[in-house]
Amino acid sequence: MPTLPAVVDNLIRAASNENTTTENLAQIIAHDLGITNKLIKLANSVYYAQRNKVDTIKRAISIIGFDEIIGIALGMGILSSVSETSGLSLDMKALWIHGIGVATASKQLAKQTNPGITGKIFVPALLHDMGKVIFSVYFKEEYNEVRQYALENRRPLYFSENTLFKLDHAALSALLMTRWNFPASIILPCRFHHTPESAPIQYRHQALIINLADYLTQKAQLGHSGNPVPVTIKNAPKKIGINESAMMKIIESLKSKEAQIKEFFKITTAVR
């Protein structure tokens, strides 16, 4: 299993501490020049559409958002710890774009259905498929079989993983996040994003949102999660409190943001 960079360990501790300030976060990120430069560049990108130039990490945090900065930096750190990407059954670029799309859609869903969790949904939504990265990199041949099974049987990946591995990517993500000392606010929405009704009540709405955002992002054909068919739980929109018209607007919004999301991807995954 990958060892996370020191800056990521510090970010996880920051995410777990309610007393962490913007100044604290800026000091942690400043120790990694590569992440600092990417985040400042991201704050100046079309995704955030700022009129005035952002030139400090503290200002970037205020533009991008406290929790979003933590999530993006965590994602970059995790991706950088995975060095071998040849011969993989999943397209890592398409998977990361999918994750950005799900995070974007999750924020929109949260704003409309539960504004109080809007600031906390971006991180688990962005990282919800982290287990697929680990499966793809460390179990290449076996995961190729899972992908083939999913394609031949028109089944979602989590079903195929459970059938062949007796473990799906959501459970694997939770195991790794627990080992890496992620807070429950990130672990549990990720763990239950395919089975949200089994989530602890405190995190059930977050898991439901990620489940539906995953589906909407696939319908928008933004990136690729590896699933041969888009899938969500029965009556997910009703359980969240959103109607068909609002869902269609989110799909169209995702499509309209494709260029910005791809720039987001390009910046955050650029080689230092």
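If you're wondering where the values come from, they're calculated on a predicted model, not measured in any experiment.
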Heavy-atom side-chain proximity of [X] to [Y] below 4.5 angstrom:
| X | Y | value |
| --- | --- | --- |
| Lys255 | Ile251 | yes |
| Ser225 | Lys132 | yes |
| Asn153 | Ser160 | no |
| Ser245 | Lys249 | yes |
| Met177 | Leu127 | yes |
| Leu109 | Leu216 | yes |
| Asn37 | Leu33 | yes |
| Glu23 | Lys58 | yes |

What is the minimum heavy-atom distance between [X] and [Y], and which atoms define it?
| X | Y | value |
| --- | --- | --- |
| Thr36 | Ala30 | OG1-CA, 3.5 Å |
| Ile61 | Ile69 | CA-CG1, 3.8 Å |
| Ile186 | Pro189 | O-CD, 3.6 Å |
| Asp168 | Asn162 | OD2-ND2, 3.2 Å |
| Ser106 | Ala213 | OG-CB, 3.3 Å |
| Tyr149 | Thr163 | OH-CG2, 3.8 Å |

List for me each residue that meets side chain to side chain contact (heavy atoms under 4.5 Å, CB included) alongside [X], sequence neighbours excluded, and say none if there are none.
| X | result |
| --- | --- |
| Ala110 | Ile117, Thr118, Ile121, Ile209 |
| Lys257 | Thr104, Gln108, Ser253, Gln260, Ile261 |
| Asp91 | Lys93, Ala94 |
| Glu142 | Phe139, Phe165 |

With clusters defined by side-chain heavy atoms of hydrophobic residues (ILVMFWY) lying less than 4.5 Å apart, directly or transitively, does [Y] cluster with [X]?
| X | Y | result |
| --- | --- | --- |
| Val46 | Ile72 | no |
| Leu90 | Tyr158 | no |
| Leu151 | Leu157 | no |

Validation: residues 230-240 side-chain donor-acceptor distances under 3.5 Å, sequence neighbours left out:
unit_1, atom_1, unit_2, atom_2, d
Thr232, OG1, Asn211, OD1, 2.4
Lys239, NZ, Glu197, OE1, 3.3
Lys239, NZ, Glu197, OE2, 2.7
Lys239, NZ, Lys234, O, 3.1

Roughly how far apart are [X] [atom1] and [Y] [atom2], rounded to 0.5 Å?
| X | Y | atom1 | atom2 | result |
| --- | --- | --- | --- | --- |
| Asp9 | Trp180 | CG | CH2 | 10.0 Å |
| Asp67 | Ile64 | CG | CD1 | 12.5 Å |
| Gln112 | Asn243 | CD | CG | 8.5 Å |
| Ile29 | Asn10 | CD1 | CG | 11.0 Å |
| Met92 | Leu95 | CE | CG | 5.5 Å |

Query raised in the report: Taking it one step at a time, do Lys107 and Glu68 satisfy salt bridge (charged side-chain N to carboxylate O under 4.0 Å, His left out)?
Result: CA-CA 10 Å; Lys107 284 199 73 171; Glu68 286 87 344; 2.4 Å; yes
**Report entry** Parallel, tilted or perpendicular, as decided by the 30° and 60° cut-offs, for the rings of His169 and His193
**Finding:** tilted
Requested in this report: Would you tell me whether Gln148 and Asn144 have side-chain atoms, one donor and one acceptor, within less than 3.5 Å of each other?
Outcome: no
Query raised in the report: Does one side chain, of Ser173 or His128, offer a donor that lies under 3.5 Å from an acceptor on the other?
Result: no
Report task. Enumerate the residue pairs fulfilling ring-ring contact (aromatic ring centres under 6.0 Å, His included) with a member in residues 14-58, sequence neighbours excluded, ordered by first and then second residue. Result ->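 ring-ring contact (aromatic ring centres under 6.0 Å, His included) check on residues 14-58 returns Tyr47-Phe264.
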With distance as the sole test, does [X] use its side chain to make a donor-acceptor pair with the main-chain N or O of [Y] at under 3.5 Å?
| X | Y | value |
| --- | --- | --- |
| Arg59 | Val54 | no |
| Asn44 | Ile40 | yes |
| Asn227 | Val229 | no |
| Thr195 | Ser198 | no |

Count the heavy atoms of every other residue, nucleotide or ligand shown that sit under 6.0 Å from [atom1] of [X], and state whether that count exceeds 12.
| X | atom1 | result |
| --- | --- | --- |
| Gln50 | CD | yes |
| Arg147 | CZ | yes |
| Tyr215 | OH | no |

Query raised in the report: Given the rule in the side chain to side chain contact (heavy atoms under 4.5 Å, CB included) test, do Val146 and Phe135 qualify, once you have shown the distances and angles that lead to the verdict?
Result: CA-CA 10 Å; Val146 168; Phe135 275 145; over 6 Å; no
Query raised in the report: So Thr113 and His205, side chain to side chain contact (heavy atoms under 4.5 Å, CB included) or not? Walk me through it.
Result: CA-CA 9 Å; Thr113 64; His205 198 84; 3.1 Å; yes
